[in-house]
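Single-structure report; data block below.
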There are 2 protein chains.
Amino acid sequence: MDRIEAMRAFVAVVNEGSFTRAADRLETSPQLVSKYVSQLETHLGVRLLNRTTRRLNLTEAGTQYHQRARQVLTDIDDMEHQLGDLQTQAQGLLRISAPVSFAIRHLAPLLSEFQKAHPAVGIDLQLNDRKVDIVEEGFDIALRIGHLKSSSLIAKRLAPVRLVLCASPDYLKQHGTPRRPEELGHHRYLQYSYMDIGPGHPLQKWLQAGGQESEGSMVSNNGDVLVEAAIAGAGIALQPTFIAGNAIREGKLKVILPEYEPQPMALYAVYAHRQLLASKVRGFIDFVDGFFGEAPYWDQF
Amino acid sequence: MDRIEAMRAFVAVVNEGSFTRAADRLETSPQLVSKYVSQLETHLGVRLLNRTTRRLNLTEAGTQYHQRARQVLTDIDDMEHQLGDLQTQAQGLLRISAPVSFAIRHLAPLLSEFQKAHPAVGIDLQLNDRKVDIVEEGFDIALRIGHLKSSSLIAKRLAPVRLVLCASPDYLKQHGTPRRPEELGHHRYLQYSYMDIGPGHPLQKWLQAGGQESEGSMVSNNGDVLVEAAIAGAGIALQPTFIAGNAIREGKLKVILPEYEPQPMALYAVYAHRQLLASKVRGFIDFVDGFFGEAPYWDQF
DNA sequence: TTCGTTATCAACAATATGTTTATAAATAAG
DNA sequence: CTTATTTATAAACATATTGTTGATAACGAA
């Protein structure tokens, strides 16, 4: 027996004053309503209604139960409606984790526009380059850059992330512009700590060597720093276009060996579940998807 | 799905922080708990828990739902316990309908003793000689005297009610004491409006005739009046012993034609249902049953 | 009375329930 | 780093329950 349905039946019978009318109201058969009420009575061990075929009278217990059952039912309805609204209206706090450099440069306008479209959604943006555990740490969405290994999480690809080798015109004038990967050997590599372009790539060897052998080399876990260093003429950096793009467009950096550009990585939105997604999350993903497109503005140089 | 059980499962999972422990607590299988929670989620259209195999985290919706669901569940539990108490403790107002003359003479001591045994039960005693509709008028019990025709009500026989023909010694001295029914013809009959001793009885003819033909006869719907009239020498009355008994014992009335005494009627407690009886009602019936016995004190003369 | 209405009962087919068995994922231990 | 253990879920299945249908009994009204 579904006690909630039984309670609903009982309350309907009391309100309508008849099993048949209650059944009409609940769009079911009088037989079922009768069954529900008797089951409820048996469950409670108390007679709720004195019924003749012609008239119904509440017992004392019935009166009390009716009172409180109605309250409980409206509570439940309220509760479910509230959740329904939460679901359809896209409200609540959206907790997002995002990579530091990307967020600083490109997330502000997106978030601002998103909030215009969904005023009831609050945003908590946590910048973090480590791989957060979105379930454990309570994030709704994590934006990630890289080649994602499969996991139980859902990852939606939002935009390509191109990596380019670049250096300042001054630096190139001074040290020469490499035309082939082999020529990189003597150059300074501004290394990003977590860079991984995959094995087998022509640049891979140099990249690894750069980190281990070169003297006076520079390593950072922040791409902005490396790009700034490259602009200042400190060496050659392999960095995503969403960081270097602006400097390239302004002529402060030159792209080197474009024909050897690594496979593009991608920007992903990572979230926990595909089904029963809160609509604030669903809404955000739909919103971000297509915001940058396959040729993002930061690649226009 | 029983939504209440599902809610209980969800709340248990949140409280215990694990499906398996929740299942232990609810004495069911983890599989079922899992099923319940997912059904609840599907029903609500919202994900309540983010679950990895190792840890559980509430979603925003889950937090809200948990809060309110716990409230609803305790409400329901309270409600049912309250009804349970009502059931076992015998409390509330007991509404009794009883015949006027009987109640006046014999009910006060009974009720007083009953209330000593069940202090939490209040009594509303309505005296009425008409046949009340106990369901319609909201009585818990009706005491009735007579030969009950079957009905959907339950009637419990509490005591025999003997009817005796009686008159005052003075009257009998003046008009003679009848020895055979035929001799009644010339006597005055103090008639009770609702008297019915059934067809075929030797006295039946005289009783009917008494109502229709005799001049100067007396009719009343109250037995006390008729007994008082008989004591005053107004004629012969056919009245129950619980009214006339006292006068007989005191010698104010003499019993006539005892060998023609009609089949005894009975005192019944009539109530609506045999099952799921409120314990105040159950208690009263048990109490009254046997209080008077097969040879009630009013028959001792 | 007889009729229409109403609650309930009984029986059945459709559905749902809870159990069992198996699988995948995540941590802990060796 | 692999193996074990714990945990949640999925699939499959026997059993119980549900809601429907048709029939019954009781009350009121004409």
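Chain naming here is simple, since letters A, B, ... match the order of the sequence lines and numbering starts at 1 in each. What you see is a predicted model; the values in this text were computed from it and never measured.
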Between [atom2] of [N] and [atom1] of [X], the distance in whole Å:
| X | N | atom1 | atom2 | value |
| --- | --- | --- | --- | --- |
| R3(B) | dA16(C) | CZ | C1' | 16 Å |
| F19(A) | dA26(D) | CZ | C1' | 15 Å |
| L40(B) | dT17(C) | CG | P | 13 Å |
| D133(A) | dA25(C) | CG | C1' | 13 Å |
| L49(A) | dT6(C) | CG | P | 16 Å |
| Q39(A) | dT17(D) | CD | C1' | 9 Å |
| R51(A) | dG28(D) | CZ | P | 16 Å |
| D24(A) | dT6(C) | CG | C1' | 12 Å |

Any donor-acceptor N/O pair, E41(B) side chain to V46(B) backbone, under 3.5 Å: no

Carboxylate-amine/guanidinium proximity below 4.0 Å for R68(A) and D75(B):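 No, no charged N to carboxylate O under 4.0 Å.
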
Basic-acidic side-chain contact under 4.0 Å: R95(A), D124(A):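 So R95(A) pairs with D124(A) through a salt bridge.
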
Nucleotide N/O to protein N/O under 3.5 Å, stretch nucleotides 18-20 of chain C:
from	atom 1	to	atom 2	distance (Å)
dG18(C)	OP1	Y36(B)	OH	3.2
dG18(C)	OP2	Y36(B)	OH	2.8
dG18(C)	N7	K35(B)	NZ	3.0
dG18(C)	O6	K35(B)	NZ	3.4

Contacts of type side-chain hydrogen bond (donor to acceptor under 3.5 Å, both in side chains), residue N222(B), not counting sequence neighbours: none

Pairing residues for R3(A) by the side-chain contact (heavy atoms from CB on, under 4.5 Å) criterion, not counting sequence neighbours: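 Counting only residues at least two positions away or on another chain, R3(A) forms a side-chain contact (heavy atoms from CB on, under 4.5 Å) with M1(A), H43(A), D2(B), I4(B), E5(B), R8(B), I76(B), E80(B).
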
For R157(B), all residues meeting side-chain contact (heavy atoms from CB on, under 4.5 Å), sequence neighbours excluded: P160(B), A266(B), Y268(B), E294(B)

Distance below 4.0 Å between S18(A) side-chain N/O and dT6(C) OP1 or OP2: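 No, outside the criterion.
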
Name each donor-acceptor pair under 3.5 Å that joins a side chain in residues 20-34 of chain B to protein atoms two or more places apart or in another chain, with its distance.
from	atom 1	to	atom 2	distance (Å)
R21(B)	NH1	E16(B)	O	3.2
R25(B)	NE	E16(B)	OE2	2.7
S29(B)	OG	L32(B)	N	3.3

Beyond-backbone contact of L58(A) with L56(A), side-chain heavy atoms, under 4.5 angstrom: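 They are not in contact (no side-chain heavy atoms under 4.5 Å apart), so the answer is no.
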
Pair Y65(A) + F10(A): ring centers closer than 6.0 Å: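 Judged by ring-centre distance (under 6.0 Å), Y65(A) and F10(A) do meet the cut-off.
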
Helical bend (five base pairs per end, nearest 10°) for the helix from dT1(C)-dA30(D) to dG30(C)-dC1(D): 30°

